[in-house]
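Here's the structure, in structure tokens; my notes come after.
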Amino acid sequence: MIVLDSIHKSYVTGTNSLHVLKGIDLEIGAGEFVSVMGSSGSGKSTLLNILGILDDYDSGSYVLNGKKIKGLNETKAAMLRNEMIGFVFQSFNLISFKNARENVALPLYYQKVSRRKRNVIAMEYLDRMGLKDWADHLPSELSGGQKQRVAIARALISNPKVILADEPTGALDTVTSFEVMDILKEVNDQGITVIIVTHEHDIASMTRKIIRLRDGIIAEVIVNGDLQLYRDRVLAE
Amino acid sequence: MFDIDIWQEIFSTIRKNKLRTFLTGFSVAWGIFMLMVLLGSGNGLQNGVREQFSDNAENIMWMWTGETSIPFKGYKEGREIRFNNEDYDYLLDKAEGVDQVSARFFLRGDITYSYGKEYGSFTTSTCYPALADMEKIKISSGRFLNDLDMMEFRKVVVIGDDIRKALFKEEDPLGKYINIGNVPFMVIGVSHDPRSQDNRQSYMPFTTAQRIYGGGNRVHTFAITTEMVQTAEEATAISDNIRQQMAMRHSFDPTDQKAMGSFNMLTEYIRTMKIFQAIKMFVWIIGIGTLIAGIVGVSNIMLILVKERTREIGIRKALGASPASVIGLILLESILITTIAGYIGLVMGVGLMEGFNYALEQMISSGGGDQIFFRNPTVDFGTAISATLILILSGALAGYIPARKAASVKPIEALHDE
Ligand SMILES: Nc1ncnc2c1ncn2[C@@H]1O[C@H](COP(=O)(O)OP(=O)(O)OP(=O)(O)O)[C@@H](O)[C@H]1O
Ligand SMILES: [Mg+2]
């Protein structure tokens with residue numbers, strides 16, 4: 001599904017150049033549930049932006065679902081994002097003047113689905129998130145957990161292959177965080193690849209693979225059964 | 001780009017941002033409203049000016065004589081100057097810049113007009129056929145004087161509508177004879193002036209009048225039309241030259257305004273039109289300025305909106321909006337707001353001027369409009385259409401820079417968490 005081969009990325013601001021990603025090799029198969037961890041500034045969001053075709057990389061290669069992603073024009077990138085990827089953000093990023101249903105339906109608008117049809121589909125997805133009764137509410141009238149569920153519904157509505165979530169629980173309390181993780185897990189159970197960035201170990205431990213970034217390279221990858229081991233070691237530190 | 005969805009998308013944006021939409025639209029509506037009011041007022045002024053000149057040809061010139069007030073070549077002052085038939089021939093054949101000529105011989109005292117038992121006292125204007133063009137005489141039946149009437153000293157007359165009413169009541173006057181100071185004249189035409197001042201006046205061949213009423217070769221006044229020159233200087237030059245020539249012919253000082261007086265309409269007309277052109281130019285400059293201010297205003301507000309909506313646009317792009325669809329969204333929103341707001345301003349501006357015009361016409365038809373220097377202050381259909389097109393264009397112009405800015409929004413920067 002996702003194949004990264006020695007990805008490099010620098011941010012150039014004025015005369016300074018900040019080398020953020022220093023050769024990332026990574027393979028994520030279809031249906032995986034992965035979390036990316038690492039200290040602040042280690043390049044997690046940068047990596048996720050490249051995976052989400054929101055940003056380009058300097059060198060290396062990125063193949064998504066068999067398609068090489070490099071130097072796409074904006075229109076192509078937008079189309080690919082719309083077809084392949086669903087985004088979930090820490091700060092929800094719902095459009096404030098659109099109600100829950102309209103927010104969820106928006107990706108379908110860019111797929112030229114008729115208004116009536118996309119509203120029906122949006123209601124289905126809201127229903128799955130248990131938010132049927134909140135369809136006509138504006139984001140400002142929803143709790144953090146509800147907002148994130150609306151955002152997940154929006155990420156799912158275009159039937160993406162991958163869900164990319166940058167600290168999806170970062171703005172939520174523990175209980176709601178777990179609710180959101182449960183939903184993401186369900187999403188993953190349906191075969192959609194889910195990649196989340198998180199700082200919290202208990203959140204990461206709910207995924208099936210943890211990628212640890214340090215100074216722009218992958219420091220370690222911990223899979224499945226190793227998780228418990230990993231947690232013990234981290235707690236011991 | 002023109003599917004229903006994008007409009008629904010725009011309408012839902014507008015509906016949810018009523019205040020800023022109103023504020024954006026207001027400046028445009030106001031601009032167009034002012035443009036229409038200004039253009040209408042400009043037109044009203046133009047029509048008013050035209051109306052003031054419409055009684056006569058704008059290139060008419062009157063000349064009359066009096067007594068000299070300056071001694072000249074051995075003559076003392078106080079000598080009476082008289083035009084004569086040779087002056088007529090001179091003006092018609094030799095004078096420079098003269099187009100048509102009519103002479104007038106004043107009949108002395110009140111002259112009674114009678115037909116059967118009916119009679120009344122009316123003004124007689126003696127003239128050449130050229131006067132019809134000069135004074136814009138309108139004939140409601142029959143004909144005006146012609147050259148043959150002049151050459152054959154025919155006793156024919158064209159009577160004003162009030163004279164016809166007084167003498168003939170319902171009878172057809174054409175071909176009938178009326179007595180004018182005991183001389184029978186055949187009525188050949190009826191003139192009718194909607195502005196009513198000249199309806200108590202009749203037109204008689206100058207040659208006939210001069211002969212019948214013992215005028216010798218005396219001419220009291222001339223009315224001429226000058227060449228339609230373009231500048232006030234040229235117009236003045238023509239009348240100055242005629243004055244010089246007349247001063248030579250009758251031996252008076254050319255600067256002696258008492259010996260001979262004249263009024264050259266064309267000089268006044270050109271001067272007035274020049275002032276008016278300046279006013280109209282001023283109106284256009286103000287109008288275009290208002291419009292530009294409107295465009296800049298909308299552009300500015302849209303720019304602020306784009307900045308405000310950076311995150312929203314970033315979200316849209318992350319979810320699959322292409323740059324073209326973002327440009328379309330902003331551009332169409334701008335065009336929609338400008339067009340609708342502008343149209344409201346247009347309708348209100350045109351409506352106000354039409355209402356004003358209605359009130360004006362009421363005043364004029366009830367006889368109170370003589371002093372009003374203002375006529376039909378409305379904007380014609382063509383101007384309104386082009387104003388509408390300009391609006392749509394300015395909407396596009398106003399939206400262009402903000403739309404480009406919106407299209408260049410980078411989702412990662414827009415979505416960057418603080
Ligand atoms: N658009 C940008 N321009 C310049 N520098 C940037 C930009 N985005 C990120 N950086 C820098 O790149 C480095 C990596 O940033 P990144 O956002 O990927 O870190 P992160 O691992 O997500 O950190 P955090 O846990 O705080 O979210 C940081 O030093 C950051 O300041
Ligand atoms: Mg980050």
Side-chain angles (χ1 to χ4, degrees), chain A residues 11 45-46 48-50 52-56 73-99 102-119 138-139 151 154-155 157-158 160 164 166-167 170-171 197, chain B residues 1-24 304-330 332-333 337 403-418:
Chain A
Y11 287 115
S45 297
T46 306
L48 212 68
N49 287 339
I50 290 170
I53 329 177
L54 291 170
D55 208 351
D56 211 352
N73 71 30
E74 275 210 57
T75 310
K76 265 238 173 66
M79 232 165 71
L80 266 178
R81 281 197 295 270
N82 185 268
E83 281 169 17
M84 303 284 296
I85 301 159
F87 291 96
V88 177
F89 304 92
Q90 177 179 359
S91 50
F92 321 122
N93 281 331
L94 299 176
I95 292 175
S96 59
F97 60 82
K98 285 180 177 290
N99 66 29
E102 289 165 335
N103 264 292
V104 172
L106 195 58
L108 294 185
Y109 168 71
Y110 292 112
Q111 286 183 5
K112 311 236 178 294
V113 176
S114 80
R115 189 176 190 81
R116 184 180 303 165
K117 205 166 163 195
R118 62 179 192 258
N119 276 338
L138 292 176
R154 183 179 65 184
I157 198 168
S158 57
L164 298 177
D166 197 346
E167 305 193 39
V197 166
Chain B
M1 180 160 150
F2 287 102
D3 57 333
I4 289 176
D5 268 331
I6 194 160
W7 292 109
Q8 282 168 333
E9 196 64 24
I10 288 167
F11 279 125
S12 75
T13 314
I14 286 176
R15 218 178 3 253
K16 275 144 192 164
N17 300 285
K18 286 194 192 84
L19 180 67
R20 79 169 193 215
T21 306
F22 171 77
L23 289 175
T24 318
I304 293 168
L305 293 188
V306 165
K307 210 164 235 167
E308 246 173 40
R309 290 171 71 178
T310 305
R311 182 168 276 258
E312 176 206 330
I313 291 163
I315 296 169
R316 285 176 183 276
K317 283 190 147 186
L319 297 182
S322 63
S325 88
V326 172
I327 287 182
L329 192 70
I330 304 295
L332 283 185
E333 186 178 328
I337 293 173
R404 285 292 303 274
K405 199 166 174 84
S408 69
V409 165
K410 287 215 155 37
I412 39 162
E413 279 157 30
L415 301 178
H416 194 75
D417 290 319
E418 299 310 321

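Numbered from 1 within each chain, the chains take letters A, B, ... in sequence-line order.
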Whatever's closer than 4.5 Å to a heavy atom in chain B on Gln111(A) counts as neither
With sequence neighbours left out, write down each residue that passes salt bridge (charged side-chain N to carboxylate O under 4.0 Å, His left out) with Glu167(A), or none if nothing qualifies. none
Which bit of Phe87(A) is near chain B, if near means a heavy-atom gap under 4.5 Å: side chain, backbone, both or neither? side chain
At a 4.5 Å cut-off on heavy atoms, which part of Arg15(B) comes close to chain A: side chain, backbone, both, or neither? neither
Which atom of Ala151(A) lies closest to which atom of Phe92(A), heavy atoms considered: CB-O, 3.9 Å
Under 4.5 Å from a heavy atom of chain B, the part of Leu80(A) involved: neither
Which residues satisfy the ring-ring contact (aromatic ring centres under 6.0 Å, His included) test with Phe11(B), sequence neighbours excluded? none
Tightest non-hydrogen contact, residues Leu54(A) and Pro411(B), listed as CD2-CB, 3.7 Å
Between Arg81(A) and Lys317(B), which heavy-atom pair has the shortest distance, and what is it? NH2-O, 3.0 Å
Do you see a donor-acceptor pair shorter than 3.5 Å between the side chains of Asn82(A) and Ser158(A)? no
Contacting region of Ala407(B) [heavy-atom separation from chain A under 4.5 Å]: backbone
Most contact-rich option vs chain B, by heavy-atom pairs under 4.5 angstrom, among Ala78(A), Ala155(A), Ser96(A), is Ala78(A)
What option among Leu106(A), Ile53(A), Leu138(A) has the most heavy-atom pairs under 4.5 Å with chain B? Leu106(A)
Top residue by heavy-atom pair count (under 4.5 Å) with chain A, among Gly314(B), Ser322(B), Ala318(B)? Ala318(B)
